[in-house]
Amino acid sequence: MKLQNKVAVITGGNSGIGLGIAEEFKAEGASGVISGRDTKTLNEAENKLSPSFIAVQSDVTSMSDLEKLYQKTTERFGKIDILVANAGIARLQPVDQVDEDTYDLQFDINVKGIFFTIQKALPHLKDGASVIVMASTAGHKGFQGASIYCATKAAVRSFARTFSAELLPRKIRVNAISPGFIETPAYYKFGLPEDMVPQAIEGFKKLTPLDRSGTVNEIGRVAVFLASEDSSFMLGEEVVVDGGMITL
Ligand code: NAI
């Protein structure tokens, strides 16, 4: 068990990749808190992860919600060893159709949300903690219709470097995971007409040399590596987990 006695907070742990990470953390002996916005999926995820993890409703764009998240975590578990700043969204729109609200929404959740998820955790994180931010291969490629999302993920990747540099005195390591195509409920929230989603999913599969989507547990196992002592000499780094999409 690589995460025995470790306490983790995973934002967006009620769905998709965040839930996959929570499942793998639980299997490795960790406990802690998953957060998200939707009560129904939070309850379902909490039932799955019980008794190791509890769910706390918390929006990453709300400073008071973030403070509540960490207060509840430390009240219940006494410390935080691992933080996974995972919550994020994507909306697809061609450049000439991007509207201001959709621009702000993606930057608010994906960039501002991740920044303050980490900043507000700092007083509660143990020295030597591992922080993981969820970036994306979208930060590497020019995906059509995703100019804003891609830019947010490039910013997230940058946070891994700067936070690692600033937190050196506390030996807090911040690393990024950049998944490729992982089939999750996110694909149904892109803003595409519902009947176009299967076609979009096929398109993403074709971009992947392994010719399939990745699973949330394949990302979860990489998160276990970055959260554990196995990656003790890694900081400010990015691990790309994409079935060869970027490199081959
Ligand atoms: P998902 O839609 O299944 O999960 C996203 C989670 O974020 C949900 O639990 C949702 O409740 C939470 N969330 C969204 N806005 C929030 C807010 N304001 N406050 C708190 N929680 C909020 O999506 P998925 O695919 O699991 O995405 C997770 C992360 O992985 C995102 O950052 C996404 O950009 C990233 N990613 C996903 C890829 C994929 O192919 N699915 C590829 C690369 C990166």
Side-chain angles (χ1 to χ4, degrees), residues 9-24 33-46 48-49 53 55-66 68-69 83-92 102 104-117 120 132-141 143 146 148-157 159-160 176-191 197 200-201 203-205 207-208 212-220 222-223 238-243 245-246:
V9 173
I10 305 165
T11 66
N14 52 337
S15 177
I17 289 174
L19 182 54
I21 291 173
E23 284 170 354
E24 295 296 331
V33 176
I34 54 161
S35 74
R37 288 183 302 186
D38 177 55
T39 327
K40 183 170 171 280
T41 49
L42 277 169
N43 288 340
E44 286 165 5
E46 188 177 54
K48 252 190 183 173
L49 299 165
F53 279 80
V56 173
Q57 193 170 32
S58 172
D59 187 325
V60 296
T61 64
S62 156
M63 300 303 124
S64 57
D65 273 17
L66 286 171
K68 180 186 77 179
L69 169 65
L83 170 64
V84 186
N86 161 75
I89 60 156
R91 295 289 181 273
L92 298 185
T102 312
D104 287 343
L105 181 73
Q106 292 178 90
F107 267 90
D108 276 354
I109 296 175
N110 295 4
V111 182
K112 185 179 168 192
I114 289 216
F115 181 89
F116 286 103
T117 292
K120 296 285 177 203
I132 298 166
V133 293
M134 203 51 65
S136 172
T137 47
H140 292 253
K141 269 179 89 89
F143 285 108
I148 309 308
Y149 178 70
C150 291
T152 66
K153 291 300 178 178
V156 168
R157 195 274 169 255
F159 286 155
I177 298 179
S178 283
F181 165 50
I182 314 296
E183 199 171 334
T184 69
Y187 285 79
Y188 294 87
K189 306 174 204 164
F190 281 173
V197 174
I201 288 175
F204 281 111
K205 277 187 193 160
L207 286 175
T208 308
R212 66 170 175 88
S213 56
T215 68
V216 295
N217 296 81
E218 284 174 312
I219 303 300
V222 174
E238 175 186 24
V239 182
V240 175
V241 192
D242 69 346
M245 187 196 282
I246 295 298

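Just follow the structure's listing: the first ligand is 1, and inside any ligand the first atom is 1.
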Inset, instruction - Sort out the contact shell of ligand 1: every protein residue with a heavy-atom distance below 4.0 Å, listed by chain and number. - result: Gly12, Asn14, Ser15, Gly16, Ile17, Gly36, Arg37, Ser58, Asp59, Val60, Asn86, Ala87, Gly88, Ile89, Ile109, Met134, Ala135, Ser136, Tyr149, Lys153, Pro179, Gly180, Phe181, Ile182, Thr184, Pro185, Ala186, Tyr187, Lys189
Legend entry - Qualifying residue for side-chain contact (heavy atoms from CB on, under 4.5 Å) with Val9, from Ile34, Val84, Asn86, Leu83: Leu83
Legend entry - Beyond-backbone contact of Ile89 with Asn110, side-chain heavy atoms, under 4.5 angstrom: yes
Legend entry - Lys120: salt bridge (charged side-chain N to carboxylate O under 4.0 Å, His left out) partners, not counting sequence neighbours: Glu67
Inset, instruction - Compute whether any side-chain donor of one residue and acceptor of the other, for Asn217 and Thr215, lie under 3.5 angstrom apart. - result: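 The criterion, which ignores hydrogens and geometry beyond distance, is not satisfied for Thr215 and Asn217.
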Inset, instruction - With sequence neighbours left out, write down each residue that passes ring-ring contact (aromatic ring centres under 6.0 Å, His included) with Phe190, or none if nothing qualifies. - result: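 With neighbours one apart ignored, the set is Tyr187.
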Inset, instruction - Quick one: list whatever passes side chain to side chain donor-acceptor pair (under 3.5 Å) with Glu46, sequence neighbours left out. - result: none
